[in-house]
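So that the names make sense, note that chain A is the first sequence line, chain B the second, and so on, each numbered from 1.
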Amino acid sequence: MDQKTPQKIDIDWTACQGHGLCAELLPDHITLDEWGYPLVDGGSIPPRILKRARRAASDCPVLALKLTARGAPL
Amino acid sequence: MTTTTTFTDVYMSPRLLAPGGTAADLSTHELRYGPLSYGDPDTLLRTVAESGLTGRGGAAFPTYRKLVAVADASRRTGRAPVVVANGAEGEPASRKDKTLLRLSPHLVLDGLQLAARAVGAGEAHLAVEDGASYLESALAQRNDPLPVQVIRLPKRFLSGQASALAQYVSGNAPLPRHQHPPVRERGVRKAPTLVQNVETLAHLALVARYGADWFRSAGTPTQPGSTLCTLHVPGREVRVVEAPFGLPLNRLLPLEGTSAVLVGGYHGTWIPAAEAAQRTLDAGDLGAGVLAALPTDRCGVTETARVLRYLALQSAGQCGPCLNGLPRIASAFQTLATPGPQANTRQDVARWSGLVEGRGACHHPDGTVRLVRSALTTFAAELDTHARGLCTASDATPLLPIPNEAH
Ligand code: SF4
Ligand code: SF4
């Protein structure tokens with residue numbers, strides 16, 4: 001996707017298993033709730049961490065974490 | 001269909017429901033409403049836009065915008081859309097869609113054909129929990145341009161959720177899916193899909209016949225038209241009525257002897273009776289049209305605990321926060337419903353509510369939390385009484401309908 005399109009983190013809750021890997025990779029943006037599922041700050045991803053965010057997306061064991069363009073239709 | 005409903009109270013001359021509670025066959029239907037003419041799709045879309053018709057399945061989304069979004073997705077993808085008339089009505093307290101389908105099936109079927117024409121659909125379905133054979137014989141009387149397949153849905157609260165419905169029509173389990181991309185872009189077998197509530201389609205059939213101004217002659221300028229409501233008044237039979245938006249709630253429900261009103265069903269809100277007396281029928285909180293009066297001798301916390309237990313069991317169990325949070329919230333409410341010490345239970349409920357909200361593939365957690373928060377506010381005094389080991393209710397008979405409730 002275009003480098004300049006603001007992106008945000010989108011979790012497919014039907015897939016996420018609470019592995020928590022994403023919280024380790026993006027500790028400033030993702031924490032885990034009391035059941036181990038990711039709590040994502042809703043803002044757009046700052047460009048400097050985009051690379052790590054992409055890595056979190058590709059490393060999620062069930063590919064539940066996706067980067068989507070902001071304003072994507074609900 | 002087994003629903004027994006009477007129509008003793010008339011709030012407007014009925015638009016959708018056949019008078020006298022007698023089902024209208026095709027010839028009665030055509031005599032009553034006149035023949036259906038399709039016109040061209042653009043004219044129809046314009047009329048729908050002018051009418052201000054919104055969805056009657058709960059979300060009150062503008063019908064025109066949904067039709068256009070599906071037609072656009074079809075143009076982009078080059079795939080003909082699928083249209084699904086949603087008669088699932090999984091909400092146990094709602095009977096309006098079942099009643100409409102029984103009394104005025106042809107109005108819904110007209111609307112389905114019109115919606116299909118408006119978006120250029122290549123396939124149409126009518127999804128229901130009950131009365132499938134009855135609807136198949138109604139379809140057999142007609143000469144529709146697009147054949148309609150009746151889909152028999154399992155009876156579950158979430159069967160009517162748009163993505164679950166699209167999955168089921170595609171041949172999969174009726175479970176909600178991640179909402180990106182949305183069903184209107186990629187639904188039944190990945191085709192752009194219009195899922196439209198059956199009452200909305202019935203209104204559409206009338207908008208197409210009589211026009212936007214006629215439609216707007218009922219209701220308010222910002223919320224035009226009428227809506228079907230299921231009314232639960234203690235000691236009376238459950239009724240389905242048609243009423244214009246803006247009608248005072250106390251015209252629909254007698255509020256004396258009532259402590260609170262449940263507006264919008266099990267994903268709705270409890271409001272104190274005094275506040276309900278000031279309110280009108282409003283698409284913003286009406287959900288799928290359920291209004292239930294809680295008599296002063298019943299316990300609203302207990303009723304909420306019953307509903308929450310049911311809602312937690314209806315979670316499709318796919319999403320971690322919903323799977324973990326809803327049962328905890330439900331059992332905490334059971335604690336709150338039992339007179340005695342509450343420790344931190346109310347704080348736990350508030351925290352879990354925050355944790356499930358917006359964190360599921362569907363809006364089940366959000367709707368559940370809406371009910372929870374309204375109960376904590378509306379029944380705050382009763383909760384305090386419970387904490388002191390007392391309960392002011394004198395009648396412990398369960399009130400709200402819960403399917404297959406274990407005692
Ligand atoms: S890494 Fe993937 S599965 Fe694990 S918590 Fe994050 S999103 Fe969920
Ligand atoms: S949010 Fe809950 S009910 Fe909705 S799909 Fe997820 S688990 Fe199922």
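- With chain A as the partner, the residue from B:G325, B:G358, B:G317 showing the most heavy-atom pairs under 4.5 Å is B:G325.
- For the set B:G360, B:C362, B:A361, the count of heavy-atom pairs under 4.5 angstrom toward chain A peaks at B:G360.
- A salt bridge links A:D33 with B:R359: at least one charged nitrogen is closer than 4.0 Å to a carboxylate oxygen.
- For A:I11, the part lying under 4.5 angstrom from a heavy atom of chain B is the backbone only.
- Under a 4.0 Å N-O distance rule, the pair B:E123/B:R189 qualifies as a salt bridge.
- In this structure, B:R351 pairs ionically with A:E34, as a charged nitrogen and a carboxylate oxygen lie closer than 4.0 Å.
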**Request:** Before giving the answer on ring-ring contact (aromatic ring centres under 6.0 Å, His included), spell out for B:F157 and B:H267 the whole-Å C-alpha distance, their side-chain angles and the decisive distance to 0.1 Å.
**Result:** CA-CA 11 Å; B:F157 189 78; B:H267 276 173; 4.9 Å; yes
